[in-house]
Amino acid sequence: MNSSSYKEVETVNQIKNMKNIKNILLICVCVIIYTYYSAAMVDEKTIEEYDVSSGFGVDLYRDAAGTVKYSIPFSVLVFRGGNRQYSMIKTGEAPTGAETRQNRQLKTDKQFLIGSQKVLVFSESLVGYGLKYNADIEFNNTKINDRAIIVVCEGRTEDILRYKVKGYASSPEYIEGMVKNSMTNDFFSREYTILNMYVRLDTEGRNLVLPYMKISDKGLEITGLALFKGDKMVNKVEVDEAKFMNMMRENELLRGYLSIQKNSDEFMNFYGNTKRRVKCNKVKEGYEFEIIIDIKGDVIANTLYKEFNGKTKKELEKALSKDVEKKCSEFINKMQNEYKIDCLELGMYAASKYGRDTGVDWNEVVSNSVIKVKANVKVDKVGRGAY
Amino acid sequence: MDKSKYHLLSDSEAVSILAGFMIGVGFLALPNQVAKEAKNDAGIATIVGGIYPLYFALLSIYYCKKHPNEDILKLSKRYLGNIIGTICNILFMAQFIIYIAAGASGYKNVLVTYAARFLTPMRVFFIVIGIGAYVNFVGLKPLARINKIALFLTIIVTSILSMSLIKGRYLNFLPVLGTGINKIIKGSLESAYAYSGMEGVLLLYPLMKNKDKIAAISLKAVALVIGIYSWIVLMSIYYLGYKVTSKSLWPVLLVTESANLPFINSFRLVFLLFWSLNVFKLTANEYYAAVYIIQDTLKIKKSKHRNMIILGVMPIIIWLCLYLGEEVKRRAILDYIIPKAILFSIFYAAVIAIAIFINDKKKNKSIG
């Protein structure tokens with residue numbers, strides 16, 4: 001009895017010992033794995049050791065010898081105790097985009113994190129020269145925030161980045177808000193992002209459009225849209241014109257104001273959503289496009305019609321439709337004769353219907369084809385009543 | 001191999017392990033490779049490419065009907081003779097080892113470019129191959145469970161990609177069949193690597209619980225994978241257009257940026273996390289297949305010896321992984337090897353199917 005129970009205790013102890021050894025081995029293995037992998041991290045730094053920037057600009061100029069040089073300023077946030085933040089501009093200059101990094105590092109106390117930026121500002125000189133060389137370096141960078149917003153600016157990008165907006169640590173944060181909210185009232189698109197740039201630059205029958213910005217005497221201001229042909233900016237349109245261009249161009253729901261004004265006392269304002277459809281047909285002489293814009297919205301202010309009933313409502317819808325059609329046709333006229341580019345992305349529709357990669361220059365085709373516009377305005381709500 | 005009832009695969013496990021043999025590294029690069037050839041019809045090309053796993057699914061149904069308890073290794077030895085059968089089996093095994101190396105090195109390339117550029121290749125390979133080996137120590141049943149989890153996560157994550165539906169354009173698909181049948185077939189050949197792995201079914205069908213349901217199981221797995229793959233390709237083309245898709249090495253990761261989830265800065269990293277699980281699972285699956293074949297060829301029964309094989313294969317695989325190197329070189333080498341491996345397995349499976357057929361007729365005649 002006794003001896004057998006001793007044996008049992010012994011075997012139990014043996015098992016316990018085995019388990020202990022196993023546990024110790026496991027811990028050893030864990031430690032070895034940890035040290036092996038943390039050894040790889042020696043050169044990595046914590047985020048505090050990097051320069052955090054909210055946006056950067058890309059400038060291009062020619063030096064005295066005529067060679068192209070890039071100047072890329074970063075708007076860097078400086079944290080100094082408490083809540084106060086400052087921003088600094090750190091610029092690198094070199095013949096290629098990537099080389100500016102080494103030049104910039106010589107003027108900087110910290111390493112740069114390239115890609116976490118929210119805003120990219122391109123100067124007019126860069127987009128006039130061509131965007132492809134710059135798009136490549138962004139496409140290659142895996143750290144880049146593909147939803148960052150791009151704007152084109154007048155003059156030097158450094159000035160835009162350096163511009164002080166009260167209450168903001170740096171101007172890119174302000175610019176981001178400006179562009180993101182321009183869609184609420186001005187018929188702007190939601191998509192002025194890097195990802196969108198890749199898609200537009202490289203799809204047949206599409207052309208890029210980016211917000212155009214400058215510093216006026218009232219501060220930062222979006223003054224219109226920059227029009228691209230291929231990867232080069234060739235022209236720009238004012239906001240009033242851009243409104244109707246976007247209406248015909250963008251596939252998404254756009255929002256903004258339309259109005260009819262007879263004189264300063266008799267006017268009508270309308271806030272609506274637009275959505276457009278495109279029909280494309282091949283005819284003998286070339287292509288024929290029809291753009292149908294559906295606008296739905298509310299009457300915001302109305303002193304034009306004394307009484308608002310079924311009859312006047314229809315009258316108003318008709319008048320607004322006509323107004324939109326007229327302005328759209330005006331833009332198309334200008335586009336075909338002056339800009340000579342396919343700002344409305346009609347080429348994409350033709351290409352998707354009649355075949356891709358056929359070597360057709362859609363800018364030319366669209367400039368020479370018949371484009372009809374039809375607008376259907378519908379009044380949805382009239383507010384709480386006319387005063 | 002322990003074939004007691006507990007260790008056999010249930011239906012859902014069998015479906016997910018078969019799907020798990022296919023879904024892996026090819027997943028991210030697939031749209032790029034297909035769109036290069038098939039352009040805007042890449043979606044159609046991907047569906048056409050599904051013929052390849054379908055072929056193995058149909059063959060496995062036939063095999064299982066005639067020889068429910070013998071896998072392709074035993075059949076090949078029986079019909080092709082011991083020597084030729086063994087050689088074929090070893091080649092079949094080599095194919096799985098190449099797939100493991102291709103998968104692990106592809107994973108390393110994505111991880112190092114997108115997430116953790118400080119990791120050396122060796123460190124990544126240790127983790128991936130180590131996990132594969134570890135799961136193999138434990139056995140088939142846990143492997144099947146991991147596959148099940150991975151499949152669910154894959155379906156969830158790919159469905160999140162549909163957030164790009166808002167921003168894309170259906171015009172990117174048009175004109176349908178505009179690139180021509182030739183190009184579409186070429187594109188579908190490009191998708192073959194992503195679909196490779198279905199060969200595993202020829203090893204697995206004796207391990208299933210309900211062998212009479214083999215048709216439903218294998219067809220379900222193939223349909224699931226075709227569904228997931230064509231969905232990914234369609235989403236990439238829909239959102240990016242075929243030109244950008246054919247420029248980006250891993251276009252799916254570009255599409256993930258369109259997903260704007262609350263509280264998550266970049267959906268890309270979340271996607272990579274779940275996708276990592278897929279890669280680990282695929283490695284473990286193919287590891288299992290390779291070890292299983294070696295075990296069969298060397299006629300090893302003891303689990304101790306099996307463990308030795310698992311550890312013995314590891315350095316070979318890691319060497320192969322290191323050899324494949326960065327993405328451009330890797331794709332160049334794989335473009336050379338994979339078609340041959342695929343042709344071999346198609347041929348091998350067909351020869352044995354024919355042998356079974358002829359033998360069956362002889363038997364019937366002798367009975368009749």
Side-chain angles (χ1 to χ4, degrees), chain A residues 29 32-45 115-116 118 132 135-136 138-148 189-191 193-206 250-253 277-278 280 345-358, chain B residues 39-41 109-124 126-127 130 134 164 166-180 183 236-251 253-260 265-269 272:
Chain A
V29 169
I32 290 169
I33 290 175
Y34 175 77
T35 43
Y36 181 55
Y37 281 90
S38 60
M41 300 270 288
V42 170
D43 285 340
E44 287 297 304
K45 289 174 179 161
S116 61
K118 288 176 184 167
K132 274 225 158 112
D136 179 57
E138 263 117 41
F139 193 71
N140 212 326
N141 188 345
T142 50
K143 282 185 181 167
I144 206 139
N145 170 16
D146 282 329
R147 274 177 282 155
S189 161
R190 286 167 180 77
E191 296 281 305
T193 57
I194 296 184
L195 198 54
N196 193 39
M197 174 180 78
Y198 303 147
V199 174
R200 301 257 159 141
L201 281 184
D202 215 9
T203 309
E204 190 179 355
R206 297 187 88 166
E250 301 294 346
N251 193 36
E252 45 190 310
L253 208 71
R277 290 168 283 157
V278 173
C280 165
E345 301 197 329
L346 297 173
M348 179 178 60
Y349 285 85
S352 69
K353 201 170 174 184
Y354 298 106
R356 290 167 195 278
D357 297 324
T358 45
Chain B
K39 296 184 176 175
N40 53 330
D41 291 324
N109 289 336
V110 176
L111 200 69
V112 170
T113 28
Y114 274 97
R117 65 178 59 199
F118 50 83
L119 284 178
T120 53
M122 204 59 179
R123 287 184 167 88
V124 181
F126 261 129
I127 283 281
Y134 178 73
S164 67
I166 315 163
K167 290 171 183 169
R169 299 229 166 161
Y170 72 91
L171 289 174
N172 288 334
F173 298 135
L174 300 176
V176 177
L177 298 178
T179 41
K183 289 261 170 184
S236 310
I237 302 283
Y238 179 72
Y239 187 46
L240 300 171
Y242 76 87
K243 273 190 181 159
V244 180
T245 307
S246 57
K247 269 180 189 170
S248 172
L249 284 176
W250 299 283
L253 288 177
L254 209 56
V255 181
T256 55
E257 279 299 289
S258 70
N260 207 344
N265 205 358
S266 170
F267 179 59
R268 177 185 287 166
L269 292 175
L272 272 178

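These values consider heavy atoms only, across backbone and side chains, with no hydrogens, waters or symmetry-generated copies. Naming: A, B, ... by sequence-line order, numbering from 1 per chain. Everything quoted here is computed from the prediction, not taken from an experiment.
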*With a 4.5 angstrom heavy-atom cut-off, could you sort out which part of A:Arg206 is near chain B: side chain, backbone, both or neither?*
side chain
*Heavy-atom distances under 4.5 Å only: say whether B:Thr245 touches chain A with side chain, backbone, both or neither.*
neither
*Supply the atom-to-atom distance A:Leu195 CG to B:Leu240 CG, rounded to the nearest 0.5 angstrom.*
6.0 Å
*asked:* Assess the residue pair B:Tyr238 and B:Tyr170 against the criterion (ring pair (Phe, Tyr, Trp, His ring centres under 6.0 Å)); give the C-alpha distance rounded to whole Å, side-chain angles, the decisive distance to 0.1 Å, and a yes or no.
replied: CA-CA 6 Å; B:Tyr238 179 72; B:Tyr170 72 91; 7.9 Å; no
*Counting heavy atoms not belonging to B:Phe118, are there more than 12 under 6.0 Å from its CZ?*
yes
*Return the option, out of B:Leu171, B:Leu119, B:Thr120, with the maximum number of heavy-atom pairs under 4.5 Å with chain A.*
B:Leu171
_With a 4.0 Å cut-off on N to O distance, would you call B:Arg169 and A:Glu345 a salt bridge?_
yes
*Counting only heavy atoms closer than 4.5 Å, note whether B:Tyr242 contacts chain A via side chain, backbone, both or neither.*
side chain
*Measure B:Leu253 against the heavy atoms of chain A and call it side chain, backbone, both or neither at under 4.5 Å.*
neither
*asked:* So for A:Asn196, is it side chain, backbone, both, or neither that comes closer than 4.5 Å to the heavy atoms of chain B?
replied: neither
*Go through the atoms of A:Ala39 and report whether side chain, backbone, both or neither lie under 4.5 Å from a heavy atom of chain B.*
both
_For chain B, which candidate among A:Leu201, A:Thr203, A:Val199, A:Ile33 shows the most heavy-atom pairs at distances under 4.5 Å?_
A:Val199
*For the atom pair NZ (A:Lys118) and CG (A:Asn145), what is the distance rounded to the nearest 0.5 Å?*
9.0 Å
*For B:Ile127, is it the side chain, the backbone, both or neither that has a heavy atom under 4.5 Å from a heavy atom of chain A?*
both
*Would a distance-only check, ignoring hydrogens and angles, find a side-chain to backbone donor-acceptor pair under 3.5 Å from B:Arg123 to A:Tyr36?*
yes
*chain A heavy atoms under 4.5 Å from B:Lys247: which part of the residue, side chain, backbone, both or neither?*
both
*Show your reasoning for whether side-chain contact (heavy atoms from CB on, under 4.5 Å) applies to B:Asn40 and B:Thr179.*
CA-CA 7 Å; B:Asn40 53 330; B:Thr179 41; 3.4 Å; yes
